[in-house]
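Heads up: the structure comes next, in structure tokens.
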Amino acid sequence: TMLLDGPATHTVLIDQGAMAASSTGALIINMGSVDPATDRSLAALATAEGRAYLDAPVSGGVAGAEAASLAILVGGEAEAFARAEPGFAALGRATHQGPTGAGQVAKLANQLIVASTIGAVAEAFALANSAGCDPAALRSALMGGFADSRILELHGARMVAADYAPG
């Protein structure tokens, strides 16, 4: 599954019976970004019914999905991770983070870094703009140095172009 949130995932897997319809020994993988407690609860239900469970949220956005270069952050039993690795390889690079819920916590850590970096780039551009700097020239000057990042490359370009449409 890769659904909107924890309640939607619970609804599909439990209330609508998707987990119960799966075979004993099946591997249930939740690739949506949900709260770790939801995945821990669903994993406990899966285990009680003789199934394995992984939480495996992704990072990389639409571009990463299209290029099959997603970062897949996986929590759950090592044996279940090994079973899922060939499927994950078609989507990107999977790393086992630890027990159930660890994938979701790793995704939260990722989002913390991304959000902080986007904020830092936006503040730097606002500071530079207030002093009369050309944002495009600033971005160009910073790329390749210690301030360089995918955020500066991608979101910085959108900020220079004043393109704030969601993507």
Side-chain angles (χ1 to χ4, degrees), residues 1-9 27-40 42-43 53-167:
T1 61
M2 187 181 279
L3 302 169
L4 175 65
D5 57 19
T9 304
L27 175 55
I28 310 294
I29 303 172
N30 175 26
M31 297 186 79
S33 296
V34 309
D35 60 287
T38 292
D39 275 323
R40 290 182 188 119
L42 291 170
Y53 188 97
L54 295 172
D55 59 290
V58 302
S59 180
V62 173
E66 289 172 345
S69 64
L70 292 170
I72 306 164
L73 309 163
V74 186
E77 296 294 326
E79 180 182 325
F81 174 73
R83 285 175 56 196
E85 272 191 294
F88 288 147
L91 304 172
R93 182 180 50 89
T95 55
H96 187 239
Q97 300 295 314
T100 303
Q104 297 296 350
V105 172
K107 175 66 185 267
L108 290 169
N110 175 79
Q111 295 306 93
L112 178 62
I113 293 168
V114 169
S116 298
T117 306
I118 289 172
V121 169
E123 290 292 336
F125 279 22
L127 172 67
N129 189 53
S130 73
C133 293
D134 174 1
L138 173 65
R139 179 176 167 272
S140 178
L142 296 178
M143 294 188 63
F146 280 165
D148 200 0
S149 67
R150 292 280 292 157
I151 299 298
L152 180 63
E153 177 188 347
L154 301 176
H155 291 282
R158 293 176 62 215
M159 290 174 197
V160 167
D163 175 8
Y164 302 110

Side chain to side chain contact (heavy atoms under 4.5 Å, CB included) assessment of Leu152 paired with Leu142: CA-CA 8 Å; Leu152 180 63; Leu142 296 178; 3.6 Å; yes
Taking Leu127's backbone N and O only, do any of them form a donor-acceptor pair with Ser130's side chain (distance below 3.5 Å, no angle check)? yes
OG1-CG distance between Thr100 and Asp39, expressed to the nearest 0.5 angstrom: 7.5 Å
List the steps and the verdict of side chain to side chain contact (heavy atoms under 4.5 Å, CB included) for Leu91 and Val58. CA-CA 10 Å; Leu91 304 172; Val58 302; over 6 Å; no
Quick one: are Ile72 and Met31 in side-chain contact, heavy atoms under 4.5 Å? yes
Provide the closest heavy-atom pair for Phe88 versus Val74 in the form atom of the first, atom of the second, distance. CE1-CG2, 3.7 Å
Is there a side chain to side chain contact (heavy atoms under 4.5 Å, CB included) between Thr95 and Leu73 once you walk through the steps? CA-CA 6 Å; Thr95 55; Leu73 309 163; 4.1 Å; yes
Are side-chain N/O atoms of Asp55 and Gln104 paired as donor and acceptor at under 3.5 Å? no
Hey, what do you get for CD1 (Ile151) to CD1 (Ile113), rounding to the nearest 0.5 Å? 10.5 Å
Where is the tightest heavy-atom contact between Lys107 and Pro57, given as atom of each residue plus distance? CB-CG, 3.7 Å
Smallest heavy-atom separation, Ala56 atom then Ile29 atom, equals CB-CG2, 4.0 Å
Could you check whether any side-chain N or O of His96 sits under 3.5 Å from a backbone N or O of Gly76, counting only pairs where one atom can act as donor and the other as acceptor? yes
What one should report as the nearest heavy-atom pair of Leu138 and Ala128 is CD2-CB, 3.5 Å
Rounding to 0.5 Å, atoms OG (Ser33) and CG (Leu3) come to a distance of 11.5 Å
Residues which pass side-chain contact (heavy atoms from CB on, under 4.5 Å) with Ala136, listed by chain and number, not counting sequence neighbours: Asp134, Val160
Roughly how far, to the nearest 0.5 Å, is the CG atom of Leu27 from the CZ atom of Phe81? 11.5 Å
Criterion side chain to side chain contact (heavy atoms under 4.5 Å, CB included) against Val114, the qualifying member of Ile118, Thr117, Leu112: Ile118
What I'd like to find out is whether the side chain of Val121 reaches to under 4.5 Å of the side chain of Met159, using heavy atoms alone. yes
Can any side-chain N or O of Arg139 pair as donor or acceptor with the backbone N or O of Phe125 at less than 3.5 Å? no
Heavy atoms only: give me the nearest Ala68-Ala90 pair and the separation to one decimal. CB-O, 3.4 Å
